[in-house]
Amino acid sequence: LPSDTIRDWFDGMGQAALPAMIVGFAYGVSNIMSAGGIKDPMIHAMVGLLGKTNVYISIVLMFIFQTFLNFIIPSGSGQAAVMIPLMTPIADLVGITRQVAVQAFQFGDGLCNLLTPLNGPMMGCLAMVGIGFPKYIKWAFKYLMMNIGAAIVITMVLQAVGWVGF
């Protein structure tokens, strides 16, 4: 029966099914944006907005946008499927090196994972040690803000030295 096959498939996939579907959904969104002619106008609008600012402010805005996107798409690979095809041409047109744009993406994704209750592994760790999210965020917020500040400075320094990777 088809229902038995589907149930067996989900049982076999275990914990990998949901993340795989999230990544597939994000990839589908990226394809719809491309095929529907949405991606290019988005890039044009972002370049128009960011092109009027200093390159360092553009980096900070890319970092902040990525941080907020993390609340909407909690999967890092799902975010990459949606954002990297947008961030790469924007970085090229605004004058940011691609590696710095990817670093802004990584910092925005990684540091926001420590701020959001949507991060399953972090919430699981907090549950294991018996600490509620409000208590955690009250303690960790100032340290996370210092890390975010350091990440912004690091991306600016990387852009200033023209970092293009290894």
Side-chain angles (χ1 to χ4, degrees), residues 6-7 9-30 32-33 38 42 45-46 49-50 53-88 90-91 94 96-161 163 165-166:
I6 292 171
R7 186 185 67 245
W9 183 78
F10 274 109
D11 289 343
M13 289 294 291
Q15 297 296 320
L18 181 61
M21 288 196 299
I22 290 172
V23 170
F25 177 73
Y27 185 70
V29 168
S30 181
I32 289 169
M33 287 176 13
I38 300 169
M42 284 179 66
M46 291 298 293
L49 177 69
L50 296 176
T53 65
N54 181 306
V55 69
Y56 300 104
I57 293 171
S58 296
I59 293 168
V60 173
L61 292 175
M62 288 175 87
F63 171 81
I64 290 170
F65 181 74
Q66 177 56 42
T67 299
F68 285 116
L69 183 70
N70 205 4
F71 289 100
I72 299 168
I73 305 173
S75 163
S77 51
Q79 289 174 46
V82 172
M83 283 306 297
I84 294 299
L86 295 174
M87 288 179 84
T88 302
I90 291 170
V94 174
I96 300 169
T97 68
R98 289 181 174 196
Q99 288 75 9
V100 172
V102 170
Q103 192 63 55
F105 169 84
Q106 291 287 20
F107 280 143
D109 174 39
L111 292 173
C112 186
N113 283 338
L114 300 173
L115 286 171
T116 177
L118 301 174
N119 182 352
M122 184 194 67
M123 294 303 289
C125 290
L126 290 175
M128 284 190 300
V129 296
I131 297 174
F133 184 75
K135 183 177 180 180
Y136 160 76
I137 203 68
K138 183 179 177 184
W139 175 83
F141 189 76
K142 62 183 171 191
Y143 300 111
L144 292 170
M145 291 300 112
M146 286 189 280
N147 280 314
I148 288 172
I152 289 170
V153 169
I154 289 168
T155 53
M156 288 179 171
V157 168
L158 291 173
Q159 178 63 33
V161 299
W163 185 56
F166 300 105

Residues in side-chain hydrogen bond (donor to acceptor under 3.5 Å, both in side chains) with [X], at least two apart?
X: Thr53; answer: Ser58
X: Thr155; answer: none
X: Gln159; answer: none

Quick test of your reading: applying salt bridge (charged side-chain N to carboxylate O under 4.0 Å, His left out), list the pairs with at least one residue in residues 96-116, sequence neighbours left out, ordered by first then second residue.
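Listed by first then second residue: Asp92-Arg98.
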
Selection residues 138-148 - residue pairs positive for side-chain hydrogen bond (donor to acceptor under 3.5 Å, both in side chains), sequence neighbours left out:
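Qualifying pairs: none.
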
Heavy-atom closest contact ([X] atom, [Y] atom, distance):
X: Val94; Y: Val55; value: O-CG2, 4.3 Å
X: Ala101; Y: Met62; value: CB-CE, 4.1 Å
X: Leu111; Y: Ala151; value: CD1-CB, 3.7 Å

From [X] atom [atom1] to [Y] atom [atom2], the distance as rounded to the nearest 0.5 Å:
X: Ile152; Y: Ile64; atom1: CD1; atom2: CD1; result: 5.5 Å
X: Phe65; Y: Leu86; atom1: CZ; atom2: CG; result: 7.5 Å
X: Trp163; Y: Ile154; atom1: CH2; atom2: CD1; result: 10.5 Å
X: Thr67; Y: Asn113; atom1: OG1; atom2: CG; result: 10.0 Å
X: Phe107; Y: Ile59; atom1: CZ; atom2: CD1; result: 11.5 Å

With sequence neighbours excluded, what pairs up with Leu61 under the side-chain contact (heavy atoms from CB on, under 4.5 Å) test?
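Applying side-chain contact (heavy atoms from CB on, under 4.5 Å) to Leu61 gives Leu50, Ile57.
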
Can you give me every donor-acceptor pair (side chain of residues 120-137, partner residue at least two apart or in another chain, under 3.5 Å) with its distance?
unit_1, atom_1, unit_2, atom_2, d
Tyr136, OH, Leu114, O, 2.8

Tyr56 atom OH: more than 12 heavy-atom contacts under 6.0 Å:
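Enclosed: over 12 neighbouring heavy atoms sit under 6.0 Å from OH of Tyr56.
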
